[in-house]
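All remarks here apply to the structure that follows.
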Amino acid sequence: MKFVNDNFCKEVLQRLVRINSCQPVGNEKEVVDAILAYFPKDIEKEVIDHKNGRQSLIIKINGRKNEGGVAFVGHTDTVAYGDMARWTFAPLEAQEHNGYIYGRGTADMKSGDTAMIATALEILETGKTPEEPIYFCFTADEEVGGLGALALADAKCLETVREYFIAEPTNEDIGLCEKGALWLRIKTTGLLSHGSRPEVGVNAVEKTMEFYERFKQLVDRSLVDKYLGSTTMAITKFNGGVMTNVIPAYAEMEIDMRTLTNIDHEKVIADAKTLAQTMADEKKGLSFEIEVINNRPAVATDENHPFIERVAGICRDNDFKVNKKGLFFYTDASQIIPKCKAPFTIMGPGDDLMAHQTDERVEISSMTRMAKVYFDYLMKYYM
């Protein structure tokens with residue numbers, strides 16, 4: 001195959017990794033330019049400009065029909081690489097070692113982008129016209145606010161897409177679902193007093209802790225999903241107090257919730273605000289401010305959905321051991337699927353445990369294997 005091979009995938013990945021697209025700057029426009037350089041000038045495309053050097057890209061291979069089709073989605077931003085001195089291989093050099101490429105974004109998820117590029121070019125190389133359109137979507141800002149995914153969810157050209165591949169790293173397994181994420185910031189204001197006279201003040205630290213304990217009781221965490229476990233809650237940031245001998249008048253806490261599909265985020269937010277008002281009514285001088293800093297619902301495709309069975313069949317044809325699983329982190333699916341209502345799988349090259357790690361890496365052959373699955377799926381069901 002001209003494009004679905006180790007040499008081509010290695011060359012593409014190294015080119016993409018050497019572009020610094022770390023958050024918070026992003027710089028995804030440069031990645032978009034690099035991707036487009038591989039395609040014919042007349043390829044149908046839509047470049048979505050988010051300003052400040054941030055872009056998303058939709059490449060379309062037209063079908064005999066203009067509606068329906070399948071979309072592949074990958075993000076082009078990465079997290080920051082942290083302390084450069086801790087890396088064995090420099091994070092932006094994309095060095096090859098023992099069959100792996102090392103660097104920031106190799107697993108999460110420029111390897112997935114690479115597999116998509118190789119697949120698209122291989123389809124174009126056949127010279128055949130698919131029955132329905134095929135879209136290859138490269139999004140900006142997945143790691144923070146989801147600018148690209150939100151733009152895709154509103155893109156008119158994708159309104160009739162019937163199924164989605166999210167090319168995030170899954171160790172080449174079939175991802176059926178992902179947990180939702182609800183992050184809350186609780187700002188508590190009390191009354192300052194001397195440490196020897198706590199009854200005169202309102203201890204914002206203690207009241208924040210009380211809020212958390214009472215809030216936990218309002219969220220149903222009893223359901224256990226076979227793929228995702230249960231809904232979890234954790235305090236991930238806490239600040240409060242000024243001196244040992246001063247009753248604190250202000251505290252701030254952040255809560256990271258990872259939710260199953262049975263959790264209604266809007267109800268959780270409403271319950272948090274109601275609890276805050278209840279506690280304020282109980283104690284004069286106490287007030288809370290509830291801020292939502294991330295809100296992505298859990299999404300899932302039934303393990304027996306025909307789409308999943310078709311994907312599993314292609315995997316077997318490629319001698320994959322079919323393994324279905326859930327993902328504990330969120331992807332662009334969390335912002336696309338609730339609006340598009342289409343079946344999806346999260347399935348891509350690389351180990352998801354490598355995401356955001358020092359010495360992040362991906363096996364070169366994993367990209368080729370995954371691109372072959374994508375290509376075979378398209379040839380069997382769309383060509």
Side-chain angles (χ1 to χ4, degrees), residues 4-28 30-32 34-35 73-118 138-144 148 166-173 175 178-179 181 234 236-237 256 258 320-321 323 325-332 346-373:
V4 178
N5 62 70
D6 287 358
N7 286 336
F8 182 76
C9 287
K10 179 180 77 170
E11 187 271 318
V12 174
L13 180 64
Q14 287 180 318
R15 182 172 182 177
L16 298 184
V17 170
R18 287 166 182 160
I19 298 170
N20 186 348
S21 57
C22 293
Q23 291 280 7
V25 176
N27 188 37
E28 295 95 339
E30 190 173 341
V31 184
V32 166
I35 292 169
V73 180
H75 66 85
T76 59
D77 62 317
T78 71
V79 296
Y81 45 79
D83 184 357
M84 185 91 80
R86 293 182 176 272
W87 287 72
T88 306
F89 302 93
L92 297 178
E93 290 186 6
Q95 293 184 56
E96 179 183 358
H97 182 69
N98 290 339
Y100 288 83
I101 301 295
Y102 285 77
R104 177 55 81 225
T106 48
D108 184 22
M109 61 163 291
K110 289 178 178 177
S111 57
D113 297 328
T114 297
M116 289 165 52
I117 292 165
F138 302 89
T139 63
D141 191 39
E142 186 269 354
E143 297 288 1
V144 180
I166 311 296
E168 289 270 8
T170 62
N171 230 359
E172 304 169 37
D173 293 332
E178 64 179 56
K179 279 190 169 183
T236 52
K237 288 182 70 175
D256 183 342
R258 301 300 170 126
F320 277 37
K321 181 180 178 181
N323 184 42
K325 69 180 183 182
L327 286 303
F328 292 86
F329 54 85
Y330 60 75
T331 72
D332 279 335
I346 306 163
M347 187 181 190
D351 187 344
D352 54 282
L353 292 177
M354 276 284 108
H356 303 188
Q357 296 295 314
T358 299
D359 282 337
E360 182 181 350
R361 68 179 188 176
V362 70
E363 188 179 12
I364 295 168
S365 59
S366 179
M367 294 183 286
T368 306
R369 288 191 297 270
M370 204 71 263
K372 180 67 162 47
V373 168

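Here, residue 1 is the first one in the sequence, and each next residue gets the next number. If you're wondering where the values come from, they're calculated on a predicted model, not measured in any experiment.
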Inset, instruction - Check the pair Glu28, His75 against side chain to side chain donor-acceptor pair (under 3.5 Å), reporting the backbone distance first and the verdict last. - result: CA-CA 9 Å; Glu28 295 95 339; His75 66 85; over 6 Å; no

Inset, instruction - In sequence, state the C-alpha distance, the side-chain angles, and the governing distance for Val79 and Asp108, and then conclude on side-chain contact (heavy atoms from CB on, under 4.5 Å). - result: CA-CA 9 Å; Val79 296; Asp108 184 22; 5.6 Å; no

Inset, instruction - Would you please test Asp352 and Lys325 for salt bridge (Lys or Arg N to Asp or Glu O under 4.0 Å) and show each step? - result: CA-CA 12 Å; Asp352 54 282; Lys325 69 180 183 182; 3.2 Å; yes

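By the side chain to side chain donor-acceptor pair (under 3.5 Å) test, Ser366 is found to be paired with Glu172, residues two or more places apart in sequence or in another chain being considered. Residues passing the side chain to side chain donor-acceptor pair (under 3.5 Å) test with Asp113, sequence neighbours excluded: none.
In this structure, Arg361 satisfies the cation-pi test against Tyr100, with its NZ or CZ atom closer than 6.0 Å to the six-membered ring centre and inside 45 degrees of the ring normal.
Ion pairing between a basic and an acidic side chain is recognised when a charged N comes within 4.0 Å of a carboxylate O; Arg18 and Glu93 show no such pairing. The pair Asp6-Arg369 does not meet the salt-bridge criterion, since no charged nitrogen lies less than 4.0 angstrom from a carboxylate oxygen.
Evaluated for a side-chain contact (heavy atoms from CB on, under 4.5 Å) with Asp77, the options Lys110, Met109, Glu142 yield exactly one hit, Glu142. Evaluated for a side-chain contact (heavy atoms from CB on, under 4.5 Å) with Thr170, the options Ile346, Thr331, Asn323 yield exactly one hit, Ile346.
A donor-acceptor pair is defined here as one N or O able to donate and one able to accept, closer than 3.5 Å; such a pair exists between the side chain of Thr76 and the backbone of Thr139. Without hydrogens or angle criteria, Glu143 side chain to Gln23 main chain gives no donor-acceptor distance under 3.5 Å. Judged purely by atom type and a 3.5 angstrom limit, Arg104 has no side-chain atom pairing as donor or acceptor with the backbone of Ala90. A donor-acceptor pair under 3.5 Å links the side-chain atoms of Gln14 to the main chain of Ala94, judged by distance alone. Side-chain atoms of Thr368 never come within 3.5 Å of backbone atoms of Val4 as a donor-acceptor pair (strictly under, hydrogens ignored). For the pair Asn171 (side chain) and Asp173 (backbone), a donor-acceptor distance under 3.5 Å is absent. A distance-only check finds no donor-acceptor pair linking the side chain of Gln95 to the backbone of Ile101 [under 3.5 Å].
The structure places SG of Cys22 at 6.0 Å from CG of Leu92, a figure rounded to the nearest 0.5 Å. Separation of atoms CE (Met84) and OG1 (Thr358) is listed at 11.5 Å; rounding is to 0.5 Å. Here the CD1 atom belonging to Ile35 is positioned 4.5 Å from the CZ atom belonging to Phe138, to the nearest 0.5 angstrom. Here the straight-line distance linking atom CG of Asp256 with atom OG1 of Thr236 works out to 5.5 Å at 0.5 Å rounding. Note that CZ of Phe329 is 8.5 Å distant from NE2 of His356, once rounded to the nearest 0.5 Å. Taking OH of Tyr330 as the start and CD of Glu178 as the end, the distance is 10.0 Å to the nearest 0.5 Å.
Contact between Val362 and Gly350 at its shortest, heavy atoms only, is CG2-CA, 3.7 Å. Contact detail for Gly105 and Glu360: the closest heavy-atom pair is N-OE1, 3.0 Å. Heavy-atom minimum distance, Ile19 versus Ala34: CD1-CB, 3.7 Å. Scanning all heavy atoms of the two residues, the minimum distance from Ala115 to Ala371 falls at O-CB, 3.7 Å.
The side-chain heavy atoms of Arg258 and Phe328, taken from C-beta on, include no pair separated by under 4.5 Å.
Between Trp87 and Tyr81, the ring planes lie perpendicular to each other; the angle is over 60°, past the 30° to 60° tilted range.
With no hydrogens or angles considered, no side-chain donor-acceptor pair links Ser21 and Asn27 at under 3.5 Å.
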